[in-house]
Each structure stands twice: as structure tokens, then as C-alpha cells.
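Note on naming: letters A, B, ... go to the chains in the order of the sequence lines (proteins, then strands), and numbering restarts at 1 for each one.
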Amino acid sequence: MKKFKRNPSEPPSLPIESNKSKGIVRDGNFFEAVYRIVRMIPKGRVSSYGAIAEFAGTRLSARMVGWAMNAAGAANPPVPAHRVVNRNGMLTGKHHFPTPSAMEDMLRAEGIEVIEDRIVRFRELFWNPSDELNKK
DNA sequence: TTGTTGACCGAGT
DNA sequence: AACTCGGCCAACA
């Protein structure tokens with residue numbers, strides 16, 4: 001009934017070592033993969049949780065990208081989490097920054113217009129990780 | 001241990 | 001057009 005579970009022809013998601021009991025995939029591949037991708041987002045551009053999740057190989061795990069961003073504050077080198085928004089260009093994660101306006105301020109500082117928690121001209125500013133592969 | 005909740009997303013109703 | 005639901009999976013109660 002539900003038609004799109006996991007496409008068997010696609011790679012079986014990340015080599016995440018899901019050691020749930022011992023926990024902490026944060027030190028494993030998933031968080032690192034996400035951070036790596038997010039760090040690729042050029043200044044002045046933005047991407048979405050879903051696009052990042054897909055590129056990381058876990059298409060249906062966009063929510064985990066948000067979770068990764070939640071922990072990204074302590075990451076080193078830094079992760080530009082403010083460049084990640086949802087598929088509509090809305091700043092859904094702004095409340096997780098140190099101050100309520102931090103995310104918006106950082107985007108503005110990079111030349112991105114934000115109106116009512118939404119990125120203006122999101123379509124043009126959207127950056128898909130796979131663009132990097134195509135252009136080379 | 002089981003259950004619920006997300007910085008999500010696409011399909012169905 | 002608004003709403004619900006299922007899927008992912010880590011954290012937390």
C-alpha cells in the first residue's frame with residue numbers, strides 16, 4: 001500500500017554503525033557525513049535538510065539532519081548550520097541558535113534576505129550538494 | 001524496555 | 001488548500 005518505503009535499488013543508506021545501545025552515532029559516520037556536506041554549502045547559498053539527507057544516502061532521514069544540526073554547535077571545524085533550512089526556505093531551526101535572531105542575522109550578513117522567517121528568492125539561492133559533482 | 005517526540009518530507013485524503 | 005500519516009532513527013522519559 002504504502003509505496004515508497006526504501007528503494008531496493010538504491011544504496012542501503014549510510015554505513016551508519018547504528019550502535020544504538022552504546023549509542024552515539026555522533027562519533028560515527030552519520031553526523032560526520034552531515035557536517036561534511038553542510039560545510040560544503042557556499043557562503044550566500046542555502047540548502048535543505050532533505051537535500052542533505054538524500055545526498056548522505058538516507059533520503060528519508062531528513063529529521064536526523066536536524067538532530068545533527070542540534071549537536072553541530074560543538075563541532076570542529078564549525079558547521080554553518082544557519083545555511084540549512086527546510087524545503088520551503090523557512091528558518092525552522094532558528095529557535096535552536098543562541099539567540100532568536102542569530103540565524104537570521106548570519107544569513108543577512110552573507111547577503112541573504114529574510115522576511116518573516118523565510119528566505120527570499122529561495123529557489124535561486126538553493127544549493128544542492130549534487131551540484132558540486134555536476135559542475136566538476 | 002517500550003513509547004513518544006522531533007531544526008523533515010512526500011504522498012494520500 | 002489544509003490536514004494527516006508513515007518512514008527514518010537518536011534521545012529521552
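- A:T92 has a side-chain polar atom (N or O) that falls below the 4.0 Å cut-off from OP1 or OP2 of B:dC8.
- Residue A:S61 places no side-chain N or O under 4.0 Å from the OP1 or OP2 atom of C:dG7.
- In this entry the distance linking CD1 of A:I52 with P of B:dA7 reads 16 Å, nearest Å.
- Straight-line distance from the CZ atom of A:F122 to the P atom of B:dC8: 13 Å, rounded to whole Å.
- Which of B:dG10, C:dA11, B:dC8 sits closest to the side chain of A:R87 comes down to B:dG10.
- Regarding A:R59, its CZ atom lies at a distance of 13 Å from the P atom of C:dC9, rounded to whole Å.
- Atom OG of A:S48 and atom CZ of A:F122 lie 6.0 Å apart (nearest 0.5 Å).
- Look at CE on A:M64: it is 12 Å from P on B:dC8, rounded to the nearest Å.
- A side-chain donor-acceptor contact under 3.5 Å links A:N86 to the backbone of A:N88.
- Formation of a donor-acceptor pair under 3.5 Å by the A:S47 side chain with backbone atoms of A:W127 is found in this model.
- Rounded to an integer number of Å, the gap from A:N70 CG to C:dA11 P is 10 Å.
- Comparing the same atom, P, in C:dA2 and in B:dA7 gives a spacing of 22 Å after rounding to whole Å.
- Looking only at distances, no side-chain donor or acceptor of A:Y35 sits under 3.5 Å from a matching main-chain atom of A:N76.
- Atom name P, nucleotides C:dA1 and B:dC8: the rounded distance is 22 Å, in whole Å.
- In summary, of the residues considered (A:K43, A:H82, A:R45), a side-chain hydrogen bond (donor to acceptor under 3.5 Å, both in side chains) with A:E110 occurs for A:H82 alone.
- To the nearest angstrom, P of B:dC8 lies 13 Å from CZ of A:F30.
- Annotation: B:dT4 and C:dC5 have their C1' atoms spaced 16 Å apart (nearest Å).
- One can place OH of A:Y49 at 19 Å from P of C:dA10, the figure rounded to the nearest angstrom.
- When heavy atoms are screened at a 4.0 angstrom cut-off, A:N86 is found touching the sugar-phosphate backbone but no base atom.
- Between A:R63 and the phosphate of B:dC9, there is no side-chain N or O to OP1/OP2 separation shorter than 4.0 Å.
- Here the P atom of nucleotide B:dC9 and the CD atom of A:E54 are 11 Å apart, to the nearest Å.
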